[in-house]
Structure formats: C-alpha cells, structure tokens
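So you know, we letter chains A, B, ... as the sequences are listed, proteins then strands, and number each from 1. Just so you know, these numbers use all the heavy atoms, side chains as well, and skip hydrogens, waters and symmetry mates.
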2 protein chains.
Amino acid sequence: MSASKRDELVQNALQVFYSGGFHAVGMDSLAKATGVSKTAIYKHFRTKEDLILATLRLRDEQFRNWLVRRVEALETDPRKRLVAIFDALAEWFREPGFQSCMFIKASSEYQDHTHPIHVMAAEHKRLLLSYFSELARKAKARDPEDLARQLLLLKEGAIVLAHLHGADEVARDARRAAENIISMSLEK
Amino acid sequence: MSASKRDELVQNALQVFYSGGFHAVGMDSLAKATGVSKTAIYKHFRTKEDLILATLRLRDEQFRNWLVRRVEALETDPRKRLVAIFDALAEWFREPGFQSCMFIKASSEYQDHTHPIHVMAAEHKRLLLSYFSELARKAKARDPEDLARQLLLLKEGAIVLAHLHGADEVARDARRAAENIISMSLEK
DNA sequence: ATACACATGAACCGATCGGTAAACGTGAAT
DNA sequence: ATTCACGTTTACCGATCGGTTCATGTGTAT
C-alpha cells in the first residue's frame, strides 16, 4: 500500500469513527466501509488503537488548520479575531455532518487519564488553548492565558450543546457570551 | 427480585457504566460487577438499552437533586446562587471518582438525535437549563433564559475540561467567567 | 409430604469482536 | 517461461457480544 493509500485509509477511517463511535465500529465493518481489507489495514497499524491514534492525529491537524485559517479570513483585528472564533464554530456546527467533537467523544470512550487516546484528546485541547492565548496576547488582554481558558470553556460547552440542542441558538449564545468575557478582559 | 433489589441493580449499573462506558461494558461483566445474574437482569429489563435508560433516569434525578440542594445550602441570595452553581460543580469535579458527565458520555456513544439515549441526554440538559432560568429570573436578570443558556455553556465546557485538564484550574476559570457573564446580565 | 411458583446459575445461541495464517493473484526481474 | 516478492482475499482463531433456554434449587402454601 502506498503512502497516499495509507493517508486515504486514515481519512476514511476518521469519518467512520467520527460518525459511528470507536467501540461501536469493528474492524470488519471498518474494512468494508473503507474498501481496504483487514489484512492490509493490519500491515500498517499494529492494533485498532494505533489506527485510532492516527485518525486523531489527522483530525487534530485538520481542525486546527481549518480554525486558524477561517479566523484569519474572517477578521484582521486581533480583538475581532477572538470573537471570530465563535463565528467559525457556528459554521462548523451548521455543517450537515456535524456530530460534536472527535476528541470529546474519544475522551468519553477512553476515560482513563493515562490512556494514549485520552492523552491525545487532552493534548488537542492544549494546542487550541495556546492558539487562543496567542490571539488574546495580540489583542492586549490583561491576562491572555486567563482569557484563553475562559474562551475554551465556552467553546467546549458550545460543541456539547450544539450536538444536543441544535446549532443555531447555541452558536448565537456562545458568541454573545464570548463578547462579554472578552470585553471584561480587555477594558481596564 | 424485589423493587429495592431492582433499584440497587440500577444504582450499581450506573456506577459500572459511568466508569466503564456503555459499549465497552458487556452484560456478562455487568452481571458479575453487580452480583445480579444475567437472567435476573433480563427479568426486569427487556434489553441492555432499557437498562441504560433506567440508569440515566436515576442519574438525572440524583444529579439535579444534588445540585439544587447544594446551591441552596451554599447561598440564599438569588444572584449569589447563580455563582454558587459553579462552587457546587467544583466540589463535584474534585470528587475522587469524577469522570465527566454521564450524559455527555451517553450522547458521545449514541449520537443519532433520534436515539432514545441521546434524547434522554438532551432532556437532562433541558431540565438543568430550566433550573438555571428559574435562578436567573429570581436574580432579576434582564433576560433570564439568555443568561441561563450562557451559564449552561460554561457548565458543559467546565465538565469537559475538568475531565481532560484537571479539576482545580478549570473550576476557578468557570467561576470567574460566570461572574463576568452574570454581572453583565444583571447590571443595567 | 407434596405441589406449585419463582429465582437462580450455567450452558448455550448465532453474531461479532480484534487479530492472524495461509492460499491465491499479479507484476517485475531474470 | 520461471521465479520471486508482495498485496489481497478468504477463512479462521479464541473470546466476547446481547440475549435465551433449561435444568436445578428453594421457599411457601396446602
């Protein structure tokens, strides 16, 4: 299997796990869904867990790249970019296939703090946090790390509730809550 | 099996599913963990799904009762009670067995919006929302429903991040974010 | 003592779990 | 044309999945 075929497998597995769940999707159905035989899969991944970790690495990269670029495209002013995070999220929530966050779901199924999958989920959130911090610093927040953590709280809550209660109202609420928190953190 | 034995089974199953996951825990291991034979379990619950729904009903009742009583005990002033929600949550996060929210995990494993388990998770959050609304109304918020939704966003985000990044810092951040949002919503 | 109702554990059902072994097909190098 | 290497298919492994059947208690009422 070529490197590009492998990437394609990981990309397809990502979709299958995202919409089907990790425990609920077996390797047989995964092979059928991706069009790659089980033997071929196990040529490149020692275990199911290794494959899951590969899909999470891909997802982390895809999601953060997407978010950064979307925020950059929406606004140029640092302060407005902090708010634009939530406009980007709103777009995501409204996508047809939206089903919460891959990493929240991963940490829900692999709860042990020492499990590699749980660790990777935590790492994804840390990377997002440092992006938020960078934006907050450029926006001259009094305490950029503090503002970033509060915005991350809003983001995770918005994801969970957009999945449970629907995208539109939640996206509006999160945006307004973010505006409140940002204004309290920027004005003296 | 007596009614009290049945309650005991549901209570024990709740703990097992909470710490082990829904798909990951099989009926055999559940029978062993609860000390109730599989045959006896299936006398009272038609399917595994029915048992899960029963545990979620119990959890909903337990959690909301606990939260309401804890908030009532912490503060009497309506406005302070809104903040006290997050003090109560902080206590929960610090409990040894804390592993995120049963309903977030349930909706992560049963993602279809029409699935009974997903529906029940959404309902749990709606019930919490109406409690928040009631508190916000008593605190004379300009828009109680709006404030309640923003606080629920914070609560869900706090649960997710307390599970992923640790209880203490997250609890502090959520409390401060809540204070910000509340003050913006109460003061003219 | 005997009959009945009921709860139990254990064995069992077909299906599927994660993972493997080996047979088979295909293309390139000799 | 023959060999070799490699990827794929297929069948298979023991274990476990959700759920059922049945034989064996065990207690109670007559």
Side-chain angles (χ1 to χ4, degrees), chain A residues 1-57 105-106 108-112 115-118 120, chain B residues 1-57 102 105-106 108-112 114-118 120:
Chain A
M1 185 188 292
S2 66
S4 72
K5 277 281 175 191
R6 188 193 136 115
D7 291 348
E8 196 181 315
L9 163 63
V10 174
Q11 174 66 49
N12 289 336
L14 170 53
Q15 296 306 323
V16 177
F17 283 133
Y18 179 64
S19 58
F22 299 99
H23 283 92
V25 170
M27 293 304 282
D28 287 276
S29 64
L30 189 90
K32 184 161 292 183
T34 60
V36 180
S37 72
K38 253 206 306 184
T39 316
I41 295 176
Y42 278 100
K43 270 262 144 56
H44 291 274
F45 301 96
R46 255 187 57 259
T47 62
K48 182 185 185 182
E49 185 181 312
D50 279 358
L51 174 57
I52 292 175
L53 286 168
T55 68
L56 291 180
R57 272 188 286 271
K105 299 199 279 193
S108 291
E109 293 202 44
Y110 303 90
Q111 312 175 46
D112 179 356
H115 193 292
I117 293 177
H118 190 100
M120 163 144 295
Chain B
M1 186 189 290
S2 66
S4 72
K5 276 282 178 190
R6 188 192 137 116
D7 292 348
E8 196 182 315
L9 163 63
V10 175
Q11 174 66 50
N12 289 336
L14 170 53
Q15 296 306 323
V16 177
F17 283 132
Y18 179 64
S19 58
F22 299 99
H23 284 92
V25 170
M27 293 303 284
D28 288 277
S29 63
L30 189 90
K32 185 160 292 183
T34 59
V36 179
S37 74
K38 251 206 306 184
T39 317
I41 295 176
Y42 278 100
K43 269 261 144 55
H44 291 273
F45 300 97
R46 256 186 58 258
T47 62
K48 182 185 185 183
E49 185 181 312
D50 279 358
L51 175 57
I52 292 175
L53 286 169
T55 68
L56 291 180
R57 272 188 286 271
M102 186 103 184
K105 299 200 279 192
S108 292
E109 293 202 43
Y110 302 90
Q111 311 175 45
D112 180 356
T114 67
H115 193 294
I117 292 177
H118 189 101
M120 164 143 296

Participant: Quick one: sort the Y110(A) and H115(A) rings into parallel, tilted or perpendicular, breaks at 30° and 60°.
Facilitator: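 Y110(A) and H115(A): tilted rings.
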Participant: For the atom pair CD (Q15(A)) and CG (N12(A)), what is the distance rounded to the nearest 0.5 Å?
Facilitator: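 The distance works out to 7.5 Å.
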Participant: Quantified as the angle between the terminal helix axes (five pairs each), what is the overall bend of the helix from dA1(C)-dT30(D) to dT30(C)-dA1(D) to 10 degrees?
Facilitator: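 Taking the rotation axis at each end, their angle is 20°.
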Participant: Are any of the side-chain heavy atoms of Y18(B) and Q111(A) separated by less than 4.5 Å?
Facilitator: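 Of all side-chain heavy-atom pairs linking Q111(A) with Y18(B), none is under 4.5 Å.
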Participant: Which whole-number value in Å describes the distance from L9(A) CG to dG7(D) C1'?
Facilitator: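 Roughly 14 Å, once rounded to whole Å.
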Participant: Please tabulate, one pair per line, all N/O donor-acceptor pairs under 3.5 Å involving side-chain atoms of residues 49-57 of chain A, not counting sequence neighbours.
Facilitator:
from: D50(A); atom 1: OD2; to: R46(A); atom 2: NH1; distance (Å): 3.4
from: T55(A); atom 1: OG1; to: I52(A); atom 2: O; distance (Å): 2.6

Participant: Given side chains that start at C-beta, do those of K38(A) and D28(A) come closer than 4.5 Å, heavy atoms only?
Facilitator: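 The answer is yes, as the side chains (C-beta and beyond) meet within the 4.5 Å cut-off.
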Participant: Are there any protein N/O atoms within less than 3.5 Å of an N/O atom in nucleotides 16-23 of chain D, and if so, which ones and at what distance?
Facilitator:
from: dG18(D); atom 1: OP1; to: K48(B); atom 2: NZ; distance (Å): 2.3
from: dG18(D); atom 1: OP2; to: M27(B); atom 2: N; distance (Å): 2.6
from: dG19(D); atom 1: OP2; to: Y42(B); atom 2: OH; distance (Å): 2.8
from: dG19(D); atom 1: OP2; to: K48(B); atom 2: N; distance (Å): 2.7
from: dG19(D); atom 1: N7; to: K38(B); atom 2: NZ; distance (Å): 2.7
from: dG19(D); atom 1: O6; to: K38(B); atom 2: NZ; distance (Å): 2.0

Participant: Rounded to the nearest 0.5 Å, how far does CZ of R6(B) lie from NZ of K43(B)?
Facilitator: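 That separation rounds to 14.0 Å.
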Participant: With rounding to the nearest 0.5 Å, note down the distance linking NZ in K48(B) to OH in Y42(B).
Facilitator: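 K48(B) atom NZ to Y42(B) atom OH measures 8.0 Å (nearest 0.5 Å).
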Participant: Quick check: do M102(B) and F17(B) have side-chain heavy atoms less than 4.5 Å from each other?
Facilitator: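 M102(B) reaches F17(B) side chain to side chain.
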Participant: Is S37(A) near enough to dT9(D) that one of its side-chain N or O atoms lies under 4.0 angstrom from OP1 or OP2?
Facilitator: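 Looking at the OP1 and OP2 atoms of dT9(D), one of them is under 4.0 Å from a side-chain N or O of S37(A).
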Participant: Whole angstroms only, please: what is the CG-C1' distance between L51(A) and dG19(C)?
Facilitator: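 Taking CG of L51(A) and C1' of dG19(C), I get 13 Å after rounding.
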